[in-house]
Amino acid sequence: MKKSFLALALSMSMALLACGGQKASTETTAAESKAESAAAKEMSEESKAEGSADFDALVAEAKGQTVNFYGWGGDDRLNQWLDGYYAEYLKKNYDITLNRVPMGIEDILAQLSAEKEAGAKESDIDMIWINGENFKTAKENDFLYGPFTQNLPNFKNLVNQEDPETNKDFAYPIEGYEAPYGKAQMVFYGDKTKGDFPKNTEELLAYAKAHPGQITYPALPDFTGSAFVRNVIYDIVGVEQFQTVKEDKEAVRELVKPAMDYLKELNPYLWKEGKTYPEKEPTMRNMVADGELIMGMTYSAYLVSNSIADGSFSNNMQTFIWDKGTIGNTNYIAISKNAKHNAAAQVAINAMLSEDVQLNRYETLKTIPVLDNSKLSKEVQDAFAKVDLGEGVLEQSVLLEKRLPEMPAGLVPIIEEIWQEEVAGK
């Protein structure tokens with residue numbers, strides 16, 4: 001009935017335009033607009049009702065299910081939050097039991113690949129914490145369910161649909177196959193008693209020379225170490241060309257050569273003279289906490305305040321970023337193609353995007369939220385604004401103002417290979 005109404009309204013508009021000339025067109029404009037507006041409104045209300053009904057059906061199906069959430073388990077604070085607040089929220093509001101399964105993304109992808117080869121009809125992997133090149137790999141190998149984000153009311157109503165990171169992950173089209181989880185951004189941190197912090201790569205070299213052996217970065221392909229190298233490339237070479245460069249190793253090698261030369265020049269002033277590097281970001285962080293290093297870097301924008309609060313860092317530690325900015329990206333949650341508890345996964349992801357859950361994440365974990373502030377009520381906006389971010393960190397507005405885009409996912413392994421060949425231990 002409502003679809004017929006819209007068709008009739010449009011047909012009337014076209015007929016009037018064809019028959020009338022200038023005067024008729026002017027006289028009918030108001031009527032056309034009114035008819036089309038009424039039709040569009042009814043269609044919108046019908047679509048909204050259908051969407052609500054569809055999600056209500058998912059909620060009903062998910063009731064009593066256990067959803068398996070696979071992802072990296074190396075962050076104790078995050079693990080406690082997931083097993084505590086988030087699990088309790090799902091149980092209380094939807095009667096869904098959360099089962100967090102700590103597993104590295106490489107092992108998750110290997111399991112999905114093995115299940116696909118075996119022709120498995122169901123997978124124990126429901127939700128997956130994923131992003132970047134791993135999402136590209138999973139989507140291109142048909143490991144993921146989707147598109148599904150259009151099914152989630154909170155995604156449609158609370159997330160900025162125009163945000164580039166809503167639509168692309170490391171410049172790779174998302175197309176509804178993953179939903180945002182939390183925003184991350186590379187920041188540096190250091191002991192503020194050791195002098196002014198470097199604001200670019202040139203000053204970093206001078207800083208390293210002034211403090212030999214007290215600075216380093218994680219060995220690639222560690223996620224943070226790889227991001228540090230990409231930040232160096234951006235600072236020296238620029239940003240824009242990496243959004244369009246062909247994924248050809250020799251073309252990329254030529255483009256990043258000035259940055260690789262810089263990293264080789266930096267090596268002798270690093271910890272162990274750049275002959276070796278900490279294997280992982282947490283190792284580097286512990287070295288900073290122990291005083292072996294005076295500077296580190298992280299994708300957790302509020303790591304310093306959390307670490308001061310739990311006693312890991314002294315209150316001399318301060319966050320800083322470079323003048324040209326630092327790379328930011330978004331963490332996402334995907335669903336495996338053959339997830340045994342698909343309904344529960346969709347409902348749980350929608351819950352992750354609720355105002356309550358995102359606010360609690362911000363308060364507890366100091367994770368940059370993924371919700372569009374302009375879509376929130378004044379009360380909720382005020383609640384976010386009142387969150388105490390703690391000591392030694394930068395305001396969210398400062399970070400977002402200097403947020404640089406990630407490189408296309410296909411460039412990341414190429415750059416890591418080039419670093420291994422030209423910089424590591426040199």
Side-chain angles (χ1 to χ4, degrees), residues 131-136 160 162-174 180-190 197-205 207 217-218 220-247 252 255-260 262-263 266 281 295-304 318-332 366-370 372-373 393-416 418-419:
N131 78 332
E133 57 189 297
N134 296 307
F135 170 68
K136 182 176 186 288
N160 180 2
E162 304 304 317
D163 184 344
E165 292 178 37
T166 300
N167 299 299
K168 290 186 177 182
D169 181 358
F170 278 64
Y172 183 75
I174 292 173
Y181 177 25
K183 287 186 179 290
Q185 186 163 344
M186 170 69 77
V187 297
F188 302 97
Y189 56 89
F197 296 129
K199 298 175 182 178
N200 50 51
T201 48
E202 183 180 351
E203 290 186 9
L204 177 62
L205 179 59
Y207 192 74
Y217 56 96
L220 280 63
D222 172 80
F223 194 72
T224 302
S226 182
F228 168 73
V229 168
R230 296 196 298 279
N231 271 275
V232 167
I233 293 170
Y234 276 175
D235 193 70
I236 294 174
V237 181
V239 176
E240 293 303 323
Q241 58 267 53
F242 291 98
Q243 302 304 307
T244 56
V245 66
K246 185 170 61 174
E247 293 178 7
V252 174
L255 192 56
V256 302
K257 186 179 185 303
M260 295 300 142
Y262 167 86
L263 289 167
L266 182 65
E281 183 274 332
M295 176 186 149
M297 65 283 303
T298 177
Y299 254 122
S300 300
Y302 302 116
L303 169 72
V304 169
Q318 176 67 47
T319 303
F320 65 97
I321 56 177
W322 287 347
D323 283 345
K324 291 182 182 178
T326 54
I327 293 172
N329 66 43
T330 298
N331 299 307
Y332 301 86
K366 308 297 188 292
T367 300
I368 302 174
V370 296
D372 182 347
N373 196 56
V393 296
L394 300 173
E395 291 291 335
Q396 182 179 334
S397 59
V398 175
L399 295 172
L400 297 181
E401 183 183 352
K402 294 198 171 185
R403 187 176 176 87
L404 301 177
E406 266 293 4
M407 291 186 183
L411 295 183
V412 175
I414 294 174
I415 289 171
E416 289 170 352
I418 293 170
W419 180 88

Does the side-chain contact (heavy atoms from CB on, under 4.5 Å) test come out yes or no for Val393 and Lys366, once each step is laid out? CA-CA 10 Å; Val393 296; Lys366 308 297 188 292; over 6 Å; no

Before giving the answer on side-chain contact (heavy atoms from CB on, under 4.5 Å), spell out for Val398 and Glu401 the whole-Å C-alpha distance, their side-chain angles and the decisive distance to 0.1 Å. CA-CA 5 Å; Val398 175; Glu401 183 183 352; 5.5 Å; no

Checking Leu399 against Val187 for the side-chain contact (heavy atoms from CB on, under 4.5 Å) test, could you report, in this order, the C-alpha distance in whole Å, the side-chain angles of both residues, the deciding distance, and whether it holds? CA-CA 9 Å; Leu399 295 172; Val187 297; 3.7 Å; yes

Apply the test side-chain contact (heavy atoms from CB on, under 4.5 Å) to residues Glu247 and Val252: give CA-CA distance (whole Å), side-chain angles for both, the deciding distance (0.1 Å), then the verdict. CA-CA 7 Å; Glu247 293 178 7; Val252 174; over 6 Å; no

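From Tyr302, atom OH reaches atom CG of Leu394 across 8.0 Å, with rounding to the nearest 0.5 Å. Distance check: Ile327 CD1 to Tyr234 OH gives 5.0 Å after rounding to the nearest 0.5 Å. The distance from atom CD of Glu406 to atom CD of Glu133, rounded to the nearest 0.5 Å, is 9.5 Å. Summarising the geometry, atom CZ belonging to Phe135 is positioned 12.5 Å from atom NZ belonging to Lys168; distances are rounded to the nearest 0.5 Å. Note that CG of Asp235 is 9.5 Å distant from CG of Leu404, once rounded to the nearest 0.5 Å. Between atom OG1 of residue Thr367 and atom OH of residue Tyr181 there is a gap of 8.0 Å, rounded to the nearest 0.5 Å.
Counting heavy atoms from C-beta outward, Gln396 and Ile368 have side chains that approach closer than 4.5 Å. With contacts defined as side-chain heavy-atom distances shorter than 4.5 Å, the pair Met407/Ile233 qualifies. With a 4.5 Å cut-off on side-chain heavy atoms, Leu263 and Tyr217 count as touching. Side-chain contact between Lys136 and Val412 is absent, with no heavy-atom pair separated by less than 4.5 Å.
Judged purely by atom type and a 3.5 angstrom limit, Tyr262 uses its side chain to pair as donor or acceptor with the backbone of Thr201. Put simply, the side chain of Asn131 gets close to the backbone of Thr330: a donor and an acceptor are under 3.5 Å apart. With Asp169 contributing its side chain and Tyr172 its backbone, the two residues share no donor-acceptor pair below 3.5 Å. For the pair Thr166 (side chain) and Asn160 (backbone), a donor-acceptor distance under 3.5 Å is present.
Counting non-hydrogen atoms of neighbouring residues, nucleotides and ligands closer than 6.0 angstrom, the NZ atom of Lys402 exceeds 12 such neighbours. Other residues, nucleotides and ligands place no more than 12 heavy atoms under 6.0 Å from the CD atom of Glu202. Within 6.0 Å of atom CD in Glu162, 12 or fewer heavy atoms from other residues, nucleotides or ligands are found, so the atom counts as exposed in its surroundings.
By the salt bridge (Lys or Arg N to Asp or Glu O under 4.0 Å) test, Lys199 is found to be paired with no residue, residues two or more places apart in sequence or in another chain being considered. Evaluation of the side chain to side chain contact (heavy atoms under 4.5 Å, CB included) rule for Asn167 yields no partner, not counting sequence neighbours.
Closest of all the heavy-atom pairs between Leu204 and Met295 is CD1-CE, 3.7 Å. Summarising the geometry of Gly190 relative to Phe197, their closest heavy-atom pair is O-CZ, 3.4 Å, with the distance given to 0.1 Å. Nearest approach of Thr326 to Gln185, heavy atoms of both residues: OG1-NE2, 3.2 Å. Minimum interatomic distance between Asn331 and Ala184 (heavy atoms only, all atoms of both residues): ND2-CB, 4.3 Å. The two atoms that bring Glu165 and Asn329 nearest to each other are OE1-C, 3.5 Å, heavy atoms only. Contact record, Met260 with Val229: CE-CG1, 4.0 Å, taken as the closest heavy-atom pair.
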Which donor-acceptor pairs under 3.5 Å do side chains of residues 220-228 form with protein atoms, sequence neighbours excluded?
{"from": "Asp222", "atom 1": "OD1", "to": "Glu281", "atom 2": "N", "distance (Å)": "3.3"}
{"from": "Asp222", "atom 1": "OD2", "to": "Thr224", "atom 2": "N", "distance (Å)": "3.0"}
{"from": "Asp222", "atom 1": "OD2", "to": "Gly225", "atom 2": "N", "distance (Å)": "2.9"}
{"from": "Ser226", "atom 1": "OG", "to": "Arg230", "atom 2": "NH1", "distance (Å)": "2.6"}
{"from": "Ser226", "atom 1": "OG", "to": "Glu416", "atom 2": "OE2", "distance (Å)": "2.9"}

